[in-house]
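In what follows, a single structure is set out as structure tokens and then discussed.
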Amino acid sequence: MIPEKAWDPGLEPGIAAGWRHGFDRSRRAYTIDTPPPYPSGRPWHIGAAAHYAQIDMIARTARMRGMNVYFPVGIDRNGLPVELYTEKKRKIRMHATPRQEFLDLCRQSLDELESEMLEVMRSLGMSCDFGNIYRTDSAEYRAVTQATFIRLWREGRVYVSTRPNNYDWKSGTVIADAEITHEERESRLVHMRFGLGEGSITIASTRPELLCACRAVIVNPGDERYAGMEGAEAVVPITGRRVPIRYHRSARPDFGSGAVMVCSYGDQNDVALFRELGLEEVAAIGPDGRMTEAAGAYAGLRPSQAREKIIADLEEAGFVEEIDEIRHMTPVSERSGNAVEIIPMEEYYVRQTDMVGDVRGASADIAFHPEKHRQILLNWLDSVGMDWPVSRRRFYGTEIPVWYCESCGMAHVPEPGEYRRPWAEEWPGGPCGCGGTKFRGEERTLDTWMDSSISPLYISGWNRDEELFRSAYPAALRPQAKDIVRTWLYYTMLRCRQLDGRTPWSEAWIMGYGLDGRGHKMSKSRGNAMDPLPVIRRIGADAFRFWSAGEAGQGDDFRCSEERMESARKFLTKLWNVSRFASGMEDPGTSGGTHTDRWILGELDALVRSCQDAYSRYDFFTVATSVREFMWNVFAAHYVEMAKQRAAGEGFDDAARDSARGTIHRVLRALLRLLAPVIPFITDGLWGRMYGGSVHSERLPEPEEGDYPPRGGLLDFNSEIWNRKKSSGLSLRDPVRAGIPAGLEGFAPDLEAMHRLEKP
RNA sequence: GGGCCCGUGGUCCAGCUCGGUUAUGACGUCGCCCUUACACGGCGAAGAUCCGGGGUUCAAAUCCCCGCAGGCCCACCA
């Protein structure tokens with residue numbers, strides 16, 4: 001019999017040391033497109049640890065269903081977050097630091113942060129290939145990213161254009177719509193009087209500092225207050241400029257005065273109007289985030305400062321009618337938190353508007369788990385309105401592989417294959433068509449999603465390893481969190497369809513957020529972040545994994561409470577002790593010999609069916625909760641108690657005794673296999689000690705047809721007897737007078753032994 | 001403004017697709033018990049207007065409508 005009375009998490013490392021997870025690259029693979037986590041600070045998010053624990057459950061489930069699982073692991077190391085982290089940590093500014101020096105500092109930060117993440121992944125027992133970690137900032141990865149850029153460039157799917165774009169002056173770069181989020185912020189809606197003939201027209205705006213860039217006023221054509229006014233001129237306060245009044249349906253008569261000033265650029269609507277009305281664009285805000293010369297007296301100020309000053313000036317000059325304090329949704333950079341300005345810049349774009357229908361069609365071929373999260377992608381597809389700006393004025397990213405001829409300005413891309421750094425390297429090709437031989441390297445880098453969106457191609461050896469690619473691509477499954485559907489999931493579908501024509505995976509598994517104990521989003525700035533490592537060290541990976549699986553439904557947000565994680569240990573202790581009991585008796589290899597034994601095998605069969613169904617959807621919540629319910633409240637509480645005397649051979653013949661022992665082992669073997677993907681340490685530890693070998697080489701149990709007696713009122717009857725003994729002050733060992741209820745006659749021998757029933 | 005999700009004992013969660021037993025289980029709480037697997041346990045107990053209001057029905061947590069309260073996503077109301 002197993003001597004220890006409880007599961008010891010300290011055994012975990014030793015058990016993991018024996019694991020080997022083979023992958024046969026010559027056979028069709030079950031590829032998991034594992035999310036490469038982004039090191040952006042410490043501690044790593046405990047919700048992410050839960051996320052990776054569950055991704056590992058997917059891999060283990062697939063193996064136990066006979067799949068040839070290819071489970072790579074990578075780290076996403078390009079882009080803004082680590083740059084911001086490094087700037088803060090070193091108290092430096094990127095643009096004021098020599099480029100190579102800044103890159104080296106970022107790399108140091110990444111190495112530190114990465115080792116912590118890998119440590120978490122290892123302690124969780126992840127069965128991915130740690131011997132072959134990929135990094136998106138490696139020369140090999142970046143060469144592949146650049147090769148995709150070069151190919152898209154040659155196909156005309158990448159182009160350069162100057163257009164108003166989301167600009168984050170704090171990080172000094174353009175960002176894509178997908179990187180924008182909206183936050184409710186305080187703002188002042190200023191009602192100003194514009195001159196109009198002898199009188200005036202009132203216009204409300206939250207951006208009065210842009211008056212210098214106002215080039216039109218629009219009113220709704222159906223607005224009676226402004227009938228016949230099209231073509232009239234309004235006089236802009238402060239600047240005195242005369243601008244035309246135009247009809248436009250986007251002016252809402254019911255908001256403010258119904259008249260709107262159109263400036264370059266207050267918001268996306270202004271962008272559309274400038275284009276549509278053919279207005280002259282004015283750059284009121286520069287790339288440094290300050291007002292330009294066009295702002296006259298306000299030049300050099302931040303827009304927020306200029307706003308305060310111009311409001312004061314407007315008030316003094318008597319132009320202000322009233323000011324409302326309002327809260328409205330302001331677009332901010334998701335990664336820096338800075339309010340985004342719209343500034344015209346020349347940038348590289350990847351065509352995507354022409355692919356939206358294609359991606360929508362392809363999404364129909366992907367099974368979503370849970371199905372409801374498909375909607376997140378469809379919603380996003382509906383809102384893709386412009387091409388994807390991919391150039392970033394940042395350092396730590398994959399360099400855009402372009403050189404420009406210094407004579408004619410022509411852009412050249414090199415042959416794909418090598419990793420290129422145009423800002424530091426000479427143009428590797430021949431002279432320009434114009435005869436020019438001097439070239440200037442591009443200094444910008446690519447949006448980090450350009451790297452991570454080819455992860456399924458990269459891990460499958462696309463363009464580099466034909467054998468692996470045939471086996472591993474398209475991938476089987478993409479697991480990821482729901483907050484990056486519009487970025488990682490969408491961009492990956494876009495890019496893979498552009499480059500390969502196929503859909504990158506057949507299934508997408510979308511997980512919810514990890515919230516704090518009160519249900520609020522966790523963040524370092526809020527101070528409610530939880531470090532996963534100390535928790536995992538204290539309670540063990542299996543307890544953490546079991547908590548994660550059983551805490552919330554598949555795809556739902558979940559709360560991270562240490563108290564609840566601790567309590568997951570109790571289940572492991574229970575499993576340990578049930579196994580300990582079984583380990584005290586040999587498995588005779590026969591089972592189901594009595595009514596009671598056939599009953600529990602029927603209960604087990606129902607459990608196996610429901611777990612098989614749940615496993616096919618990678619729904620570990622259903623697995624964890626239904627196995628716990630069965631193991632604890634049915635098998636241990638009722639069956640084991642009923643079969644105990646019989647298994648000991650006390651008052652039963654050898655056949656009945658052996659059937660009890662065999663049935664206990666049969667159920668236990670099934671339970672250990674059912675639980676192996678969720679809690680791989682304890683199940684493997686027990687399996688090895690009791691049955692030899694590794695549970696992870698086994699298959700999940702299959703349903704078996706059989707003649708299974710129903711439960712009937714069995715559980716209630718047991719409870720009733722326990723209750724009766726309790727209320728009469730009897731010990732559970734004391735005999736009691738009670739008859740066997742109708743329908744439970746088959747259980748009589750075991751019930752009589754268990755409760756010491758005497759005929760009434 | 002549009003959309004998606006959600007609201008069940010102190011806490012978390014199941015059930016709702018295909019209406020019908022005393023609404024599932026866990027955590028926590030309380031009481032009793034060391035019964036030869038387990039005190040990291042066993043048994044028992046207390047604890048729920050199933051968000052509110054209408055409707056359909058013999059019957060609603062479950063279906064329909066209207067609200068209210070959350071969460072999230074999208075969006076050009078300046």
Side-chain angles (χ1 to χ4, degrees), chain A residues 1-2 4-7 177 181-182 187 189-190 203-207 210 218 250-252 254-263 265-273 326 328-329 331 342 370 372-385 482-483 485-486 512-513 515 517-521 543 550-553 555-559 561 563-564 566-585 621-622 624-626 628-629 632-633 636-637 640-641 644 648 650 664 716 718-719 721-727 729 731-734 754 756:
Chain A
M1 181 153 140
I2 292 171
E4 303 89 339
K5 292 177 92 172
W7 162 242
D177 285 348
T181 182
H182 290 78
S187 180
L189 181 61
V190 183
I203 286 172
S205 173
T206 54
R207 303 294 305 270
L210 294 178
I218 58 166
S250 72
R252 310 274 295 241
D254 54 331
F255 188 91
S257 65
V260 187
M261 71 176 200
V262 183
C263 311
Y265 292 103
D267 55 34
Q268 287 294 339
N269 194 38
D270 285 339
V271 176
L273 285 165
I326 60 167
H328 75 142
M329 298 300 274
I342 297 168
K372 66 184 179 186
H373 284 344
R374 178 193 301 278
Q375 197 60 37
I376 303 174
L377 174 65
L378 296 178
N379 285 348
W380 177 248
L381 288 174
D382 284 340
S383 65
V384 172
K482 72 179 187 188
D483 55 341
V485 167
R486 64 181 183 167
Y513 307 112
L515 308 172
R518 293 202 189 88
H520 298 122
K521 209 165 177 172
E551 184 61 13
D556 292 345
D557 296 346
F558 53 96
R559 299 187 181 195
S561 144
E563 190 188 22
R564 300 177 70 80
E566 293 274 3
S567 66
R569 285 185 72 173
K570 297 174 126 191
F571 172 77
L572 304 183
T573 304
K574 192 70 188 178
L575 177 65
W576 181 265
N577 279 293
V578 169
S579 306
R580 188 166 168 250
F581 175 66
S583 73
M585 53 185 85
F621 176 80
T622 300
T625 53
S626 60
R628 177 177 55 196
E629 169 66 14
W632 208 319
N633 295 340
V640 171
E641 292 301 330
K644 216 180 235 177
E650 294 169 11
I664 287 169
D716 286 340
N718 286 335
S719 245
I721 299 298
W722 284 325
N723 222 340
R724 199 189 299 175
K725 287 187 176 180
K726 162 104 22 199
S727 56
S731 150
L732 291 177
R733 313 173 66 181
D734 293 331
M754 169 194 189
R756 296 177 192 254

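Throughout, a chain's letter reflects where its sequence line sits, starting with A, and its residues are numbered from 1.
Spacing between C12(B) and G7(B) at atom P, rounded to whole Å, works out to 12 Å. For the P atom pair drawn from U17(B) and C63(B), the interatomic distance equals 5 Å after rounding to whole Å. Using atom P as the reference point in both G9(B) and G53(B), the two lie 16 Å apart (nearest Å). U24(B) and G44(B) are spaced 15 Å apart, taking the P atom of each and rounding to whole Å. Separating the P atom of A23(B) from that of C72(B) is a span of 35 Å, rounded to the nearest Å. Nucleotides G10(B) and U49(B) are separated by 7 Å at their P atoms, to the nearest Å. With both ends at atom P, the span from G47(B) to G1(B) equals 44 Å, rounded to whole Å. Between A59(B) and G3(B), the distance separating the two C1' atoms is 35 Å to the nearest Å.
Note on T622(A): nothing from the nucleic acid sits closer than 4.0 angstrom, heavy atoms only. Residue F621(A) is in sugar-phosphate contact alone, with no base atom involved, counting any heavy-atom pair closer than 4.0 Å across all strands shown. Within 4.0 Å of W632(A), counting heavy atoms only, lie sugar-phosphate atoms of the nucleic acid but no base atom. Counting non-hydrogen atoms under 4.0 angstrom, A552(A) reaches nothing in the nucleic acid. Across all strands, W576(A) comes closer than 4.0 Å to no nucleic acid atom at all (heavy-atom distances). The residue A6(A) sits close to a base: some heavy atom pair falls under 4.0 Å. E566(A) comes within contact range of no nucleotide atom at all, as no heavy-atom separation falls under 4.0 Å. Across all strands, K726(A) comes closer than 4.0 Å to base atoms (heavy-atom distances). Contacts of N633(A) with the nucleic acid, taken as non-hydrogen atoms under 4.0 Å apart, involve only primed sugar atoms and P, OP1 or OP2. Within 4.0 Å (heavy atoms only), G512(A) reaches no atom of the nucleic acid at all. No contact: E650(A) has no heavy atom under 4.0 Å from any strand.
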Please report the C-alpha distance between I326(A) and T206(A) in whole Å, then the side-chain angles of each, then the deciding distance to 0.1 Å, and finally whether the side chain to side chain contact (heavy atoms under 4.5 Å, CB included) criterion is met. CA-CA 9 Å; I326(A) 60 167; T206(A) 54; 3.9 Å; yes
Applying side chain to side chain contact (heavy atoms under 4.5 Å, CB included), run through I721(A) and M754(A) and close with a yes or a no. CA-CA 10 Å; I721(A) 299 298; M754(A) 169 194 189; over 6 Å; no
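Considering only side-chain atoms of R733(A), the nucleotide from U11(B), U36(B), G3(B) that sits closest is U36(B). Nearest to the side-chain atoms of S719(A) among the listed nucleotides A37(B), A78(B), G44(B) stands G44(B). Set against A37(B), A75(B), G3(B), the side chain of V578(A) has A37(B) as its closest nucleotide. Set against C12(B), U36(B), C38(B), the side chain of K574(A) has C38(B) as its closest nucleotide. The side chain of R580(A) approaches A37(B) more closely than any other nucleotide in the set C43(B), C13(B), A37(B). In this structure, of A37(B), G3(B), G42(B), it is A37(B) that holds the atom nearest to the side chain of K644(A).
Pair assignment for G47(B): none, as no Watson-Crick or G-U wobble contacts are both less than 3.5 Å. For G41(B), the paired base is C33(B) (Watson-Crick or G-U wobble, both distances below 3.5 Å). Nucleotide C4(B) has G71(B) as its partner under the Watson-Crick or G-U criteria, with both atom distances under 3.5 Å.
A donor and an acceptor atom sit less than 3.5 Å apart, one in the side chain of T573(A) and one in the base of C40(B). Looking at E4(A), its side chain has no donor and acceptor atom pair within 3.5 Å of the base of A37(B). With hydrogens and angles ignored, no donor-acceptor pair under 3.5 angstrom links the side chain of K372(A) to the base of C5(B).
The CD-P distance, from E629(A) to C27(B), rounds to 11 Å in whole Å. Following rounding to the nearest Å, L732(A) (CG) and C34(B) (P) show an atom-to-atom distance of 10 Å. What separates CG of N269(A) from P of G1(B) is a distance of 18 Å, to the nearest Å. Going from atom CH2 of W380(A) over to atom P of C73(B) covers 12 Å, rounded to whole Å. Residue K725(A) contributes atom NZ, which lies 9 Å from atom C1' of U35(B) at whole-angstrom precision. At whole-Å resolution of the value, CE in M1(A) and C1' in U36(B) are 9 Å apart. Distance, N577(A) CG to C38(B) C1': 3 Å, rounded to whole Å. In this structure, K570(A) atom NZ and C40(B) atom P are separated by 9 Å, rounded to whole Å.
Counting heavy atoms from C-beta outward, E563(A) and E566(A) have side chains that stay 4.5 Å or more apart. In this structure, the side chains of M585(A) and I664(A) come closer than 4.5 Å at one or more pairs of heavy atoms.
For the pair K5(A) and E563(A), both in contact range of RNA chain B, the more 5′-proximal nearest nucleotide belongs to E563(A). Place Q375(A) and S257(A) on RNA chain B by their nearest nucleotides, and Q375(A) ends up nearer the 5' end.
A salt bridge links D557(A) with K482(A); the closest basic N to acidic carboxylate O contact falls under 4.0 Å.
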